[in-house]
Amino acid sequence: MLNRVYSASPGYFRSSVNWAHCKRSRFRSINRFNVISSCLFIVLAITCVYIYLYEAVPSPVILEKNTINDLQESNGICDLYDGTWVVDETYPLYNASECPFAETSFNCLANGRRDKGYLKWKWKPKNCDIPRFNVGVILEKLRGKRIVFVGDSLSRTQWESMICLLMNGVEDKKSVYEVNGNKISKKIRYLSVRFHSFNFTIEFYRSVFLVKIGSVPKRSPKRVRSTIKLDELDGISSKWIDSDILVFNTGHWWNRAKLFEMGCYFKVGGRLKLGMSTMSAYTTALNTWASWVENMVDTDRTRVFFRTFEGSHWSGQNGHTCEVTEKPLYRSNMEYRNNFSDIIKSVVNNMSVPVTTMYVTPMGSFRSDAHVGTWSDNPTVPDCSHWCLPGVPDAWNQILFSYL
């Protein structure tokens, strides 16, 4: 019995060893399979989670950067303000006579202008294209928003242009109305047009200096009839807050004819500054504006723009001659008034909050053909400062929309 047991033991042990070895091999194979499967599962899970989050969480709308990157070409960076005017037969984008918010003074065709070539020019940046104006898309983007323009009559022209551009996409024209029933007039300080179907308003506040008009200090020289308080923003500035898009401009009233010749001088800290130059005063006023924006405007909500000075085309020895051409100039006419634009860019660049400078000065310098001239509601007074509608302000708004 013992012999049979001992004689069988070697084979038995060999079988046991072989079985154990085989089991370990299978175990190692299964182990490797499990490790590989686990890794693949983890990779697949991470991928699914990423895709879910990417689809579920909308990416932040940094539209200025995205637009510029999308428009870049291999030969340079997209500068929306460096370019030229090209003919586009699909222009103009609206008929001013069919837009009740286009001021009669700016509707040159209705006021007798016969040539229509000035209506066909589109602004074309050198290294990119401004996105084609899609009124339906813009109306949806503005749904529930509040757009505010603040400045002089050139700001009002841009305001009117924007309304006319957007009305083309509204079926029920009566759903677009001035909230107080006012007719468009340069004498009204506040105008607001509501697009009822899309629940947004486009507002204009007339503030030609942005800062406050002050009283005349006692014992002032007789030539002083009014003052501009350079260190205090316009009293209606509280109404500009809580907007979604806020566009400023000022410049055309900062000249001798509308200041010193009218008896208007500057005041800082309650003191009269009779010897202060226009440029120094302009810089002081813009720094006051910048401080107000930094302290009063929530730039996480409100997108702030400052449009630079729009050069005029007055000529002659005294600068009182207005000759409107049939075509744009081949070479831009850069005037001394670009000093205003330089000050704007300098002040904005030094601000602690994000503000976008709309450097439209070069664009307008080509367009000696696009001014109102004698085709206004008062043809006896030529106008080489304001623009016909449709016209140059439409390009400003197309650039503004490209940021949105």
Side-chain angles (χ1 to χ4, degrees), residues 61-68 78-82 123 125 130-131 133 138 141-142 145-163 165-166 192 200-211 233-234 236-237 239-252 282 285-310 338 340-364 387 392-404:
V61 183
I62 310 175
L63 294 161
E64 177 183 1
K65 292 182 180 178
N66 289 343
T67 301
I68 291 175
C78 177
D79 181 352
L80 295 174
Y81 306 102
D82 182 16
W123 179 249
I130 298 171
F133 177 65
I138 298 300
K141 283 188 177 293
L142 296 180
K145 305 296 183 185
R146 180 180 178 232
I147 303 97
V148 173
F149 288 89
V150 181
D152 53 30
S153 55
L154 274 299
S155 182
R156 190 176 72 251
T157 310
Q158 185 178 4
W159 173 79
E160 294 175 19
S161 162
M162 179 177 284
I163 296 169
L165 283 167
L166 295 177
S192 176
F200 70 81
T201 57
I202 307 178
E203 305 171 29
F204 168 70
Y205 289 87
R206 185 175 183 269
S207 180
V208 298
F209 298 110
L210 300 184
V211 287
L233 213 63
D234 197 319
I236 60 173
S237 58
K239 297 181 180 179
W240 310 338
I241 304 173
D242 295 331
S243 53
D244 296 284
I245 300 168
L246 186 52
V247 186
F248 292 94
N249 98 296
T250 183
H252 283 269
Y282 188 78
L286 252 62
N287 281 320
T288 299
W289 163 83
S291 178
W292 177 84
V293 171
E294 290 171 339
N295 291 285
M296 300 300 295
V297 178
D298 178 8
T299 52
D300 288 332
R301 172 195 168 175
T302 305
R303 184 67 185 269
V304 183
F305 297 86
F306 202 113
R307 198 183 72 251
T308 60
F309 189 84
E310 318 85 4
N338 282 329
F340 289 120
S341 298
D342 293 338
I343 293 170
I344 292 168
K345 291 193 292 181
S346 175
V347 169
V348 169
N349 287 341
N350 287 313
M351 292 178 67
S352 61
V353 297
V355 174
T356 300
T357 302
M358 295 186 67
Y359 185 50
V360 302
T361 308
M363 298 171 60
W387 307 100
V392 172
D394 303 332
W396 302 342
N397 282 322
Q398 284 182 276
I399 290 177
L400 181 62
F401 290 143
S402 75
Y403 284 111
L404 307 181

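As the structure is a computational prediction, the values presented were derived from the model and not from experiment.
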**Item:** Any residue meeting side-chain hydrogen bond (donor to acceptor under 3.5 Å, both in side chains) with D152, in chain and number order, not counting sequence neighbours
**Value:** N249
**Request:** Please round to the nearest 0.5 Å and tell me the distance separating atom CE of M162 and atom CG of N397.
**Result:** 4.0 Å
**Nearest atoms (heavy-atom pairs only) where G364 meets W387** = O-CH2, 3.5 Å
**Asked** Does S243 have any side-chain contact (heavy atoms from CB on, under 4.5 Å) partners at least two apart in sequence or in another chain, and if so, which?
**Response** R146, V148, L246, T302
**Prompt:** With sequence neighbours left out, what residues match D234 under salt bridge (charged side-chain N to carboxylate O under 4.0 Å, His left out)?
**Reply:** R189
**Request:** Give, for atom CG of N350 and atom CG of N287, the distance between the pair rounded to the nearest 0.5 Å.
**Result:** 8.5 Å
**Prompt:** Are L142 and L166 side-chain neighbours, meaning at least one heavy-atom pair lies under 4.5 Å?
**Reply:** yes
**Request:** May I ask you to test the V208-T250 pair for a side-chain heavy-atom distance under 4.5 Å?
**Result:** no
**Message:** Checking Y282 now: which residues fulfil ring pair (Phe, Tyr, Trp, His ring centres under 6.0 Å) with it, not counting sequence neighbours?
**Reply:** W254, F340
**Complete:** For S402 and P131, the nearest pair of non-hydrogen atoms, with its separation, is CB-CD, 3.8 Å
**Spacing of CG belonging to D244 relative to CG belonging to L404, to within rounding of 0.5 Å** = 10.0 Å
**Member of F248, W396, Y403 meeting the ring pair (Phe, Tyr, Trp, His ring centres under 6.0 Å) criterion with F305** = Y403
**Request:** With the side chain counted from C-beta on, respond yes when L286 and I343 share a heavy-atom pair under 4.5 Å apart, and no when they do not.
**Result:** yes
**Request:** Working to the nearest 0.5 Å, report the span between CG of N349 and OG1 of T357.
**Result:** 6.0 Å
**Item:** Pairing residues for T308 by the side-chain hydrogen bond (donor to acceptor under 3.5 Å, both in side chains) criterion, not counting sequence neighbours
**Value:** T361
**Message:** With ring pair (Phe, Tyr, Trp, His ring centres under 6.0 Å) as the test, pick out the partner of F306 among Y359, F149, W289.
**Reply:** W289
**Item:** Partner set under salt bridge (charged side-chain N to carboxylate O under 4.0 Å, His left out) for R156, not counting sequence neighbours
**Value:** E103, E160
**Request:** Quick one: list whatever passes side-chain contact (heavy atoms from CB on, under 4.5 Å) with S237, sequence neighbours left out.
**Result:** L233, W240, W292
**Item:** Note, V150 side chain near V247 side chain (heavy atom, < 4.5 Å)
**Value:** no
**Prompt:** If every non-hydrogen atom of I399 is compared with every non-hydrogen atom of M358, which pair is closest and at what distance?
**Reply:** CG2-CE, 4.1 Å
**Item:** Gap separating the OG atom of S161 from the CD atom of Q398, nearest 0.5 angstrom
**Value:** 8.5 Å
**Request:** Spell out, as yes or no, whether a donor-acceptor pair under 3.5 Å connects the side chain of T299 to the backbone of P354.
**Result:** no
**Prompt:** Parallel under 30°, tilted from 30 to 60°, perpendicular over 60°: which one fits the rings of H252 and F309?
**Reply:** parallel
**Message:** Looking at Y205, I'd like to know if the NZ or CZ of K239 sits under 6.0 Å from its six-membered ring centre while staying within 45 degrees of the ring's axis.
**Reply:** no
**Message:** According to side-chain contact (heavy atoms from CB on, under 4.5 Å), who are the partners of D298, at least two apart in sequence or on a separate chain?
**Reply:** D300, R301
**Item:** Side-chain touch F133/D394, heavy atoms, less than 4.5 angstrom
**Value:** no
**Asked** If every non-hydrogen atom of R307 is compared with every non-hydrogen atom of S155, which pair is closest and at what distance?
**Response** NH2-N, 3.8 Å
**Request:** Apply salt bridge (charged side-chain N to carboxylate O under 4.0 Å, His left out) to D79 and list each qualifying residue two or more places apart in sequence or on a separate chain.
**Result:** none
**Item:** For W123, all residues meeting ring pair (Phe, Tyr, Trp, His ring centres under 6.0 Å), sequence neighbours excluded
**Value:** W85
**Message:** Test of understanding: with side-chain hydrogen bond (donor to acceptor under 3.5 Å, both in side chains), list the residues that count as partners of S352, not counting sequence neighbours.
**Reply:** E294
**Request:** Given side-chain contact (heavy atoms from CB on, under 4.5 Å), test F204 with I163 step by step and report yes or no.
**Result:** CA-CA 11 Å; F204 168 70; I163 296 169; over 6 Å; no
**Message:** Let's go through T201 and K145 carefully: what are the C-alpha distance in whole Å and the side-chain angles of both, what is the deciding distance for side-chain contact (heavy atoms from CB on, under 4.5 Å) to 0.1 Å, and is it a yes or a no?
**Reply:** CA-CA 7 Å; T201 57; K145 305 296 183 185; over 6 Å; no
**Request:** Enter the distance from I245:CD1 to T356:OG1 here, rounded to the nearest 0.5 Å.
**Result:** 11.0 Å
